[in-house]
Protein chains: 2
Amino acid sequence: MDIEIQLQQVFDLPPGQVREISQYFVEETVGKGEFFLGNGQRADRLSFIASGIFRVFAQTESREVTQWIGGEGYFITDLSSFLFDQPSRWQIQALTDAKVLSLYKSDYQRFESLLPQWNVVEKRFIAKCFMVLESRVFDFISLSAEERYLQYFEQHKAFFNQVPLQFIASVLGMTPETLSRIRSKVGG
Amino acid sequence: MDIEIQLQQVFDLPPGQVREISQYFVEETVGKGEFFLGNGQRADRLSFIASGIFRVFAQTESREVTQWIGGEGYFITDLSSFLFDQPSRWQIQALTDAKVLSLYKSDYQRFESLLPQWNVVEKRFIAKCFMVLESRVFDFISLSAEERYLQYFEQHKAFFNQVPLQFIASVLGMTPETLSRIRSKVGG
DNA sequence: CAATGCCCTTGACATTTATCAAGAAGATAA
DNA sequence: TTATCTTCTTGATAAATGTCAAGGGCATTG
């Protein structure tokens, strides 16, 4: 997945500025199972997933809760930790071998002076993250578990052969057993 | 509720700049039951709730789903509509007589040139909205209905004597009957 | 190859939640 | 005040989901 194309889509910038930005993204590889962001660390980079799959999760008293699964073409970080320099609320682990392009905070912070449009771009990016979550909340209060599964399956078919279903179940807010039964019922 | 105090807390600005911003907020009154943002309109203002309670909801094929209830001290708008000039995904209705202080988009857009810090402030505001939703998603996948109720009750006691419980039930992702039974069980 | 570990599925059963219906309590309007 | 409307509660029942336990498939490792 080409980062320039993706940056263009996400940030909606002219090609010249995309090229200027993209050179600050540093390529990194992450092995399957590795922790990309550990417990209580600060997120010091915003990473574009060139290949591979990650999960974002937290530990509660009783169990691990996977909040989000990100694959190729998505960005991954703990946004509030990255933006506000707080200890992260989430851990991030690679579920497959992965390659990411990381924008480190030190470079990110210089964009404001480098690019006149940067604050608009940044605002748009954060606002889009907001909209995604807004839809997700609405799904939880308006759809059944089965409907949530069907929608997720349509939008993330690529995950289903590569990530343990228990993580997908958690993202959908149900137990692995329930997800398994829904799948056998609807024939996915 | 004083808007300058609130702006200071939300935007974390020095008093001088707060005063400069706050003069652009226009006082408006809204009667109980009135629609503050109608179906498919564009949100042309970001409003601070000085008094009163609003609900943000959408109509599905089968029923009305209340996504959010906002009271005194909160801001209310359809953020994605306001920021991106899209038709709103939500309707907003006053549940009580209310008084708001509205920042219209035409003024909002001038802040960027008026205040050097504005893009930082704006980014911080949107990011905080994001964090609230992030926590809310986590609550849906990690807490039981009863736990979600108890938490909501702790944080929003003021709503419970003023807004129909059916709306609160919807925000919590359950039916009014279930909310009623949880309340009688835990003795709220 | 055998052994191990991880993950998924399935069954039996318990719990939670939704649905439908009826009625009571409270607000609002005539 | 009386009538009407809305909202909340409660009961009976059905449906959905969780829990616990067992077993099987599949990959990895020795």
Side-chain angles (χ1 to χ4, degrees), chain A residues 31-35 53-55 57 60-66 69 93-97 139-153 156-188, chain B residues 31-35 52-53 55 57 60-66 69 93-97 139-153 156-188:
Chain A
K32 176 175 177 172
E34 262 184 57
F35 280 76
I53 304 179
F54 292 81
R55 75 178 176 120
F57 70 100
T60 70
E61 324 83 53
S62 57
R63 64 201 168 95
E64 250 177 38
V65 177
T66 297
I69 298 168
Q93 184 183 30
L95 296 177
T96 66
D97 288 338
D139 290 344
F140 274 113
I141 64 181
S142 67
L143 300 179
S144 68
E146 184 176 320
E147 288 167 326
R148 289 203 303 280
Y149 162 72
L150 287 170
Q151 179 177 305
Y152 194 85
F153 181 71
H156 303 281
K157 281 204 174 72
F159 292 165
F160 281 78
N161 287 325
Q162 297 179 80
V163 327
L165 292 177
Q166 53 180 318
F167 298 143
I168 294 177
S170 177
V171 169
L172 293 173
M174 63 187 77
T175 61
E177 293 93 335
T178 296
L179 177 59
S180 177
R181 290 188 176 107
I182 287 176
R183 279 165 62 78
S184 74
K185 180 184 163 202
V186 305
Chain B
K32 176 174 178 173
E34 262 183 57
F35 279 77
I53 304 179
R55 75 178 176 120
F57 69 101
T60 70
E61 324 81 55
S62 56
R63 62 201 169 95
E64 249 178 38
V65 177
T66 297
I69 298 168
Q93 183 183 30
L95 296 177
T96 66
D97 287 340
D139 290 344
F140 274 112
I141 64 180
S142 68
L143 300 180
S144 68
E146 185 176 319
E147 289 168 325
R148 289 203 303 281
Y149 162 72
L150 287 169
Q151 180 178 304
Y152 194 85
F153 181 71
H156 303 282
K157 282 204 174 70
F159 292 166
F160 281 77
N161 287 325
Q162 297 178 80
V163 327
L165 292 177
Q166 53 181 318
F167 298 144
I168 295 177
S170 176
V171 169
L172 293 173
M174 61 186 79
T175 62
E177 293 94 335
T178 295
L179 177 59
S180 177
R181 291 189 174 103
I182 287 176
R183 279 165 61 78
S184 74
K185 179 186 164 199
V186 304

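Per chain, numbering begins at 1; letters A, B, ... match sequence-line order.
Comparing the local axis fitted to the first five base pairs of the helix from C:dC1-D:dG30 to C:dA30-D:dT1 with the one fitted to its last five gives a bend of 40°, rounded to 10°.
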Passes side-chain contact (heavy atoms from CB on, under 4.5 Å), B:Y149 versus B:V186? Steps please.
CA-CA 10 Å; B:Y149 162 72; B:V186 304; 3.7 Å; yes
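Between B:R63 atom CZ and C:dC20 atom C1' there is a gap of 16 Å when expressed in whole angstrom units. Put simply, CZ on A:R183 is 19 Å from P on D:dA16, counting in whole angstrom units. When the C1' atom of C:dC7 is taken as reference, atom CD1 of A:I168 falls 13 Å away, rounded to whole Å. One interatomic measurement links the two molecules: CD of A:E64 to P of C:dC7, which rounds to 11 Å at whole-angstrom precision. A straight line from CD of B:E146 to P of D:dT17 spans 19 Å, rounded to a whole angstrom. Summarising the geometry, the separation between CD on B:E147 and C1' on C:dT16 is reported as 13 Å, rounded to the nearest angstrom. Atom CG in B:L95 sits about 10 Å away from atom P in D:dT7, given to the nearest Å. Computed from coordinates, the A:L172 CG to D:dT17 C1' distance equals 14 Å when rounded to whole Å.
At a threshold of 4.5 Å between non-hydrogen side-chain atoms, the residues A:I141 and B:F140 count as touching. Contact check for B:L95 versus B:F159: no side-chain heavy atoms found under the 4.5 Å cut-off. Put simply, the side chain of B:F160 reaches to within 4.5 Å of the side chain of B:R183, judged on heavy atoms. The closest side-chain heavy-atom distance from B:V163 to B:R55 is not below 4.5 Å.
Contact check of residues 160-167 of chain A against DNA chain C (heavy atom, cut-off under 4.0 Å) returns A:P164, A:L165, A:Q166.
Across all their heavy atoms, A:I53 and A:T96 have their closest contact at N-OG1, 3.0 Å. For A:S142 against A:E147, the heavy-atom pair with the smallest separation is O-OE1, 4.3 Å. Nearest heavy atom pair, residue B:L172 against residue B:R148, reads O-NH2, 3.0 Å.
Between A:Y152 and A:H156, the two ring planes are tilted [angle within 30° to 60°].
One finds the OG1 atom of B:T178 at 11.5 Å from the NZ atom of B:K185 (value rounded to the nearest 0.5 Å).
Formation of a donor-acceptor pair under 3.5 Å by the A:S170 side chain with backbone atoms of A:T66 is found in this model.
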A correct 5'-to-3' footprint of nucleotides 18-30 of chain D, with B, S and - meaning base, sugar-phosphate only and no protein heavy atom under 4.0 Å, is SBB----------
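Across the interface with DNA chain C, nearest-nucleotide mapping of B:S144 and A:P176 shows A:P176 to be the residue nearer the 5′ end.
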